[in-house]
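Numbering of ligands and ligand atoms starts at 1, following listing order.
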Amino acid sequence: MSWLTFFITSHGTSHGVSVSEILAVRELDVDCGTKDDGRWQKMPQKSTEAYPYAFTVSYVERAWQHRWRCSDVTFHCLEGALCQQWVQTIREQLTALTSRPKHLLVYINPYGGKQQGERIYEQKVAPLFTLASISTHVIVTEHANHARDHLRTEAELKKYDGVVCVGGDGMFSEMVHGLVSRTQRDNGVDQNSPEEKLVPCTLRIGIIPAGSTDCICYATVGINDPVTSALHIIVGDAQPMDVCSVHHNNTFLRYSVSLLGYGFYGDMLADSERKRWMGPARYDFSGFKTFLTHHYYEGTVSFLPATDILGTPRDKTRCRAGYVLLQRTMGLYKNHHHVLQKHHPLFLLPEYKGGWRVIRGKFLAINAASMSCACPRSPKGLSPAAHLADGTTDLILVRKCSRFNFLRHLLRHTSKYDQFDMTFVEVHRVRRFRFTPRYCQSDSELDLRENGKRLFSQICRDHPACSCSPAYSSWNCDGEILPHAAIEVGCVTTPYNLLCKYTVHSESIQTPSLFPHFFTL
Ligand SMILES: CCCCCCCCCCCCC/C=C/[C@@H](O)[C@H](COP(=O)(O)O)NC(C)=O
Ligand SMILES: Nc1ncnc2c1ncn2[C@@H]1O[C@H](COP(=O)(O)OP(=O)(O)O)[C@@H](O)[C@H]1O
Ligand SMILES: [Ca+2]
């Protein structure tokens, strides 16, 4: 990392800016007389008239709580040639940073969150891209899956260094589906086979948060702030992440990168989609309602524990991304963790010891968190110690319990207390899992659900005193509804290049894996 240090001679202090954090440099026209001194001076506004040449450096300033802001510093000088030399040198250094994007394809979801996507992009993000000389092609989506289908079939991807979505987790999911599906098709990979290895795609995806929960953004950057995300994109930050593929009867259904939730989160999402007019507050309303209905679901969860990894979902350490190390060991890429790096470098071998485990029961919630799932509602997230790119997902099983206990469990997501330390909750770090509901879902029921109709199955006979508990929930897959109850999930890391970098300034136990923002899938 090279640093430019500007000596502020007037005060005898220095001001250092890392080249990797410079966004732009521009010469200023200062129209005045000359003096033959030749040293750079950062001057108070009044005395700048004496210095006819100046240039301004825009750079990343770290503000509070993981926020990044763009700051300017102007340097004045007496000699034009020296001024130009500085500007040219800085430009050359910036050009040498190959991880920075120059051409971006941007999709804006005008419908997500508070429906402010276009305004957020135009007012907060576009000026920064222009400042950083990034050219963009902007598409405002006209309907759901517009971006996904455009990416999958039409978009001329060769022209771009990355794609950016302006929206929530659903919009990010569209990007993932468009790009990953296209890459598999181009490489002859059959998505319907759960065993097939996914070919990673080379384009990176950036998110500008403009959705309702923005969990993928929050869990990776540490905050859901459009300016911070734009700056991470400009400086070329990258973070590989896990992608889970979801299948049903050897048919590909979807990919998931954050949460797959059955029961509580599935029901809450299904209810909230009908209340979109409420905006992001719909989740509070539907969350409360779902909590009161207190439905449980019977079924069998089978999973393949990740025995070869160090670290568990109960770790007190957080996935802090001071730096990210990708290790390639016999085909397994493993991401970071300070403890791992210190004590077990390069010894992470994939083992499938122990085989599958099977758990049968009545569950209020079955959640698979491939990342912490931190969001403003729960700054530590559903699985605070989950890692961003280790090829595993944290499977959380919440068994039937009283409303009071379930409330205690939910509330612990918002406090320092351990949400897993309860008798009815268990958590496993897994490579694959499968869920089969106790009662088989008929094709006609599935059809009805797929067409958006709600149908409570009649099969209630085994629920004691039950007149309303349905046999099936649906899966919440990164905020999108998946009507199939029986699914099979495999988690793979699809890392690519080693673009990860960046020093994270501060952290606390409350703030989980915070990190960059331009994903490599
Ligand atoms: C009664 C007290 C309730 C306190 C509950 C605190 C638990 C909060 C944990 C939230 C975890 C959310 C995981 C995020 C999922 C997103 O992918 C999804 C979609 O996000 P989007 O709306 O597209 O930005 N949002 C939801 C709420 O399902
Ligand atoms: N132009 C559009 N009109 C309607 N729906 C859209 C449009 N563009 C995208 N979508 C869909 O909107 C849904 C919500 O988007 P998302 O970005 O997740 O916002 P939110 O966080 O509010 O849920 C997703 O299912 C996405 O596919
Ligand atoms: Ca959504």
Side-chain angles (χ1 to χ4, degrees), residues 107-118 120 139-151 165-178 207-220 224 254 256-273 275-292 294 365 367-384 386 394 396 398 403-404 406-415 419 452 474-482 512:
Y107 295 95
I108 303 177
N109 177 357
Y111 166 84
K114 294 180 181 154
Q115 306 184 346
Q116 298 292 306
E118 283 174 279
I120 289 171
I139 297 174
V140 179
T141 63
E142 284 160 16
H143 50 87
N145 295 327
H146 180 173
R148 182 197 70 184
D149 296 341
H150 186 259
L151 271 175
C165 58
V166 183
D169 290 354
M171 207 47 194
F172 182 79
S173 176
E174 285 204 28
M175 303 288 117
V176 171
H177 284 86
I207 319 175
I208 302 295
S212 302
T213 317
D214 297 318
C215 144
I216 299 168
C217 176
Y218 194 100
T220 50
N224 54 335
R254 287 191 78 85
S256 162
V257 291
S258 61
L259 168 71
L260 266 169
Y262 189 78
F264 183 74
Y265 287 105
D267 294 351
M268 183 198 70
L269 184 73
D271 190 72
S272 71
E273 279 301 311
K275 299 185 175 61
R276 252 198 187 270
W277 54 269
M278 285 188 186
R282 70 189 184 278
Y283 290 135
D284 298 320
F285 182 91
S286 299
F288 187 61
K289 188 174 152 190
T290 308
F291 166 73
L292 289 180
H294 201 63
N367 301 322
S370 301
M371 57 172 70
S372 69
C373 292
C375 58
R377 266 186 193 78
S378 169
K380 65 177 181 176
L382 282 180
S383 188
D394 287 351
I396 305 159
V398 185
R403 273 196 185 80
F404 176 69
F406 189 49
L407 182 65
R408 280 175 56 223
H409 168 67
L410 288 177
L411 290 177
R412 285 194 184 185
H413 289 86
T414 62
S415 74
Q419 61 259 38
S474 31
W475 285 90
N476 174 339
C477 176
D478 294 353
E480 304 293 305
I481 299 166
L482 211 72

Distance filter under 4.0 Å to Asp214 heavy atoms, resulting ligand 1 atoms
24 (O)
Between the CG atom in Asn224 and the CD1 atom in Ile207, the distance rounded to the nearest 0.5 Å is 10.5 Å
Using a 4.0 Å cut-off to any heavy atom of Gly170, which atoms of ligand 1 qualify?
23 (O)
Interatomic distance, Arg282 atom CZ to Asp271 atom CG [nearest 0.5 angstrom]
11.0 Å
Determine whether the side chain, the backbone, both or neither of Met268 has a heavy atom under 4.0 Å from any heavy atom of ligand 1.
side chain
When you compare the side chain of Met171 with that of Val166, does any pair of heavy atoms fall below 4.5 Å?
no
Tell me which residues fall inside the under-4.0 Å heavy-atom shell around ligand 2.
Asn109, Pro110, Tyr111, Gly112, Gly113, Thr141, Glu142, His143, Ala144, Gly167, Gly168, Asp169, Gly170, Met171, Glu174, Gly211, Ser212, Arg276, Arg282, Glu480
Check each of Cys375, Pro376, Ser372, Ser286 against atom 12 (C) of ligand 1 and report the one with the nearest heavy atom.
Cys375
Looking only at atom types and distance, does a side-chain atom of Gln419 sit under 3.5 Å from a main-chain N or O of His409, one as donor and one as acceptor?
no
Just need the protein heavy atom nearest to atom 5 (C) of ligand 1, so name the residue and atom and give the distance.
Leu410 O, 4.1 Å
Considering only the protein, which heavy-atom contact is closest to atom 2 (C) of ligand 1, and what is its distance?
Leu411 CD2, 3.9 Å
Partner of Phe264 by ring-ring contact (aromatic ring centres under 6.0 Å, His included), out of Phe406, Phe291, Tyr283:
Phe406
Taking both backbone and side-chain atoms of Tyr283, is any N or O found less than 3.5 Å from an N or O belonging to ligand 1?
yes
Contact partition for Asn476 relative to ligand 1, non-hydrogen atoms under 4.0 Å:
side chain
For Asn367, what residues pass the side-chain contact (heavy atoms from CB on, under 4.5 Å) criterion, not counting sequence neighbours?
Leu259, Tyr265, Ala365, Ile396
When rounded to the nearest 0.5 angstrom, what distance separates CG in Leu482 from CG in Leu260?
7.5 Å
Cys215 contact mode with ligand 1 (heavy-atom cut-off under 4.0 Å):
side chain
What about Thr213: any of its N or O atoms under 3.5 Å from an N or O on ligand 1?
yes
Measuring from atom CG of Asn109 to atom CD of Gln115, what distance do you get when rounded to the nearest 0.5 angstrom?
9.0 Å
Using a 3.5 Å distance criterion without hydrogens, assess whether the side chain of Asp478 forms a donor-acceptor pair with backbone atoms of Ser258.
yes
Report the part of Asp478 in contact with ligand 1, treating N, CA, C, O as backbone and CB onward as side chain, heavy atoms under 4.0 Å; options are side chain, backbone, both, neither.
backbone
Identify the protein heavy atom lying closest to atom 13 (C) of ligand 1, giving its residue, its atom name and the separation to 0.1 Å.
Leu259 CD2, 3.8 Å
Is there a donor-acceptor pair closer than 3.5 Å between any side-chain N or O of Ser378 and the backbone N or O of Thr414?
no
Mode of Tyr265 contact toward ligand 1 - side chain, backbone, both, neither (heavy atoms, under 4.0 Å)
side chain
With the threshold set at under 4.0 angstrom, would you say Glu480 reaches ligand 1 through any of its heavy atoms?
no
